[in-house]
2 protein chains.
Amino acid sequence: MGTTSKALSLLEYFDRTQPVIGLSDLARLSGVNKATCFRLMSELVEHGLAEQITESREYRIGPAVLRLAALREAAVPLRDLAMPILQRLAQTTGETAHMSHLVGGRLATLAYAYSAAHAMKVMMEDAEVLPFHATSSGYAVLAHMTPPLAEAILSQPLAPVTKSTPVRAPDVRSRMAEVRRLGHARTAETFEADVASLALPLFDARGAVSGAIAVAAPVTRMLPSASARTLTALIAAAREAMAGWGGQIPDELDALWRQTQEATP
Amino acid sequence: MGTTSKALSLLEYFDRTQPVIGLSDLARLSGVNKATCFRLMSELVEHGLAEQITESREYRIGPAVLRLAALREAAVPLRDLAMPILQRLAQTTGETAHMSHLVGGRLATLAYAYSAAHAMKVMMEDAEVLPFHATSSGYAVLAHMTPPLAEAILSQPLAPVTKSTPVRAPDVRSRMAEVRRLGHARTAETFEADVASLALPLFDARGAVSGAIAVAAPVTRMLPSASARTLTALIAAAREAMAGWGGQIPDELDALWRQTQEATP
DNA sequence: CCCTGTTGGTTTATTATATGAACCGACGGT
DNA sequence: ACCGTCGGTTCATATAATAAACCAACAGGG
């Protein structure tokens, strides 16, 4: 592995639950030698990708990412593109809509929108990492990624997020097959009790899966008739999003979606 | 220089005017060998910091920065902290207020707010890099950074942005001295014709200059009386921003600002 | 008041890794 | 068919990354 990769991989240990990490902790977490870790972090700090807190000397994500993110958004206004679509999706379904993004082998929440239809709704967090085996978005993505990558994910221990979360690889695999057969992913109470969710995979310009778009609702409202309506709205939103950034829908999936759309006019 | 630094420095060639760069161009710009450049970019792409456009095979900033930026904002809500302050500043002065941030030796626009008072106003761009010798924010920062860093910037060729932009290092240096003497920076028509601007430096927790806050207006509206009112509003805003993130104002500057505030009640 | 286990950071010889000149096939003009 | 340039690859060479041991400083605990 390249040195640069090692340095960049250090950044992936920072997340919402652990936004600041000390040198020794980071070395332990990453398995990188402490001296190496120090040098790498120093270089990241030099370029503003990381930052050292004055007092505690711990590290956190640096200010340079703000400039880069603004640049990225300017070049590829992904979130700007997603927001109106999600808002419309939330409004027509009356439930919470969200989009997630595959980056560095992890699925992160990119944007979301709420509906005003119900007082009780599913709430989202910014930049939250979604477990593949416990969310509909995760299954939608997992089912359409390259087999080696999916295997790499399945070979890691699967945490039981709720009592209903599948933790055995065979169970996950059979769900993946089902997702491929139906063209969409559905979960209920696998990520949080009383929450059901419906998701579609999203693809980039190369036709590789790049994320998912989903609608989450209380299980009591995700009844068959509502699900059917939600699914057609979801398909329209997915098509719109991918049209916006030149994503390529695989042919078989496109056919499946078309069938679904025609079945529910 | 470390390999990681070399890789990260490649990211700095992407900006608003050049959001996508081909391999050969990037190698030329950075002076890095083409093969090396390729390998480094491949590693950046692997981690999502860069991305390759499918068709043209050119590179641009990648999607991972979005996750990192969200994380950074969550840990250090800089922009969230700045926005209400800028909005109030824009409202009380009736002009465009903006804040910029020193990152990797460059001054980048972080946030800005407009006033509804006038139809004609100075417009800002996201993540724009401000030339040190052509903007009031640049002078405010330049005048308070460590001499070696300032010298490094002055040793580079100074582009004549407008007809009034100082391009000779002695001129810039005398302006810097003036900024230090007065406690604030003022420019007129150095960045764009008919635009005048007033800026204050901002400091981080270590007391090192970290950016600037400024008000920009048409020269015809930046008259002495308006300038005095703007300056006091600017000082209040700068103090508020630094209080919000624990910035340390150098003692002499704090005294200068206090005098100004007391002179204009 | 020492003991012990941390912390962030530094030094060193060793070696693995980055490097760059030359090369390749593909594309676009002329 | 020629020429220049593109993104990408190869491989011998040498530079840059590495990790163990070592600091000094701090924080409890006995």
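Throughout, protein chains are lettered first and strands after them, A, B, ... in sequence-line order, and every chain is numbered starting at 1.
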What is the distance from CZ of B:R57 to C1' of D:dT5, rounded to the nearest Å? 14 Å
In terms of side-chain heavy atoms of A:R28, which of C:dT7, D:dA17, D:dC6 is nearest? C:dT7
I'd like to know if the side chain of A:H133 and the backbone of A:L154 have a donor-acceptor N/O pair within less than 3.5 Å. no
How many Å lie between CG on B:L40 and C1' on D:dA17, as a whole number? 14 Å
Measure from CG on A:L10 to P on D:dA17 and round the result to the nearest Å. 14 Å
Is any side-chain nitrogen or oxygen of B:T3 closer than 4.0 Å to OP1 or OP2 of C:dT17? no
Can you tell whether the side chains of B:R79 and B:E73 come within less than 4.0 Å, N to carboxylate O? yes
Distance test, side-chain N/O of B:S24 to OP1/OP2 of D:dC6, below 4.0 Å: yes
For the pair made of CZ in A:F38 and C1' in D:dA20, what is the distance, rounded to whole Å? 17 Å
Side-chain atoms of A:R39 come closest, of C:dG20, D:dA17, C:dG9, to D:dA17
Find the distance A:L23:CG to C:dT6:P and express it as a whole number of Å. 15 Å
A:V179 and A:A140 have their tightest heavy-atom pair at CG1-CA, 4.1 Å
Once rounded to the nearest 0.5 Å, what's the spacing between atom CD of A:E51 and atom CD of A:E58? 12.5 Å
Phosphate oxygens OP1/OP2 of C:dT7: is one of them under 4.0 Å from a side-chain N or O of A:Y59? no
Suppose we screen for side-chain hydrogen bond (donor to acceptor under 3.5 Å, both in side chains). Which residues come up paired with B:S136, at least two apart in sequence or across chains? B:S197
Contact under 4.0 Å: B:K6 side-chain N or O vs C:dT19 OP1/OP2: yes
Find the distance B:N33:CG to C:dA22:P and express it as a whole number of Å. 11 Å
In whole Å, what is the span from the NZ atom of B:K34 to the P atom of D:dT10? 14 Å
Donor-acceptor contact present, side-chain B:R60 to main-chain B:P19, <3.5 Å: no
Is the shortest side-chain heavy-atom distance between A:E12 and B:H47 below 4.5 Å? yes
Name the stems that DNA chain C belongs to, where each is three or more consecutive Watson-Crick or G-U pairs with both distances under 3.5 Å? C:1-30 with D:1-30
Residue-phosphate contact under 4.0 Å: B:T36 side-chain N/O, C:dG20 OP1/OP2: yes
C:dA18 P sits how many Å from A:E43 CD, rounded? 12 Å
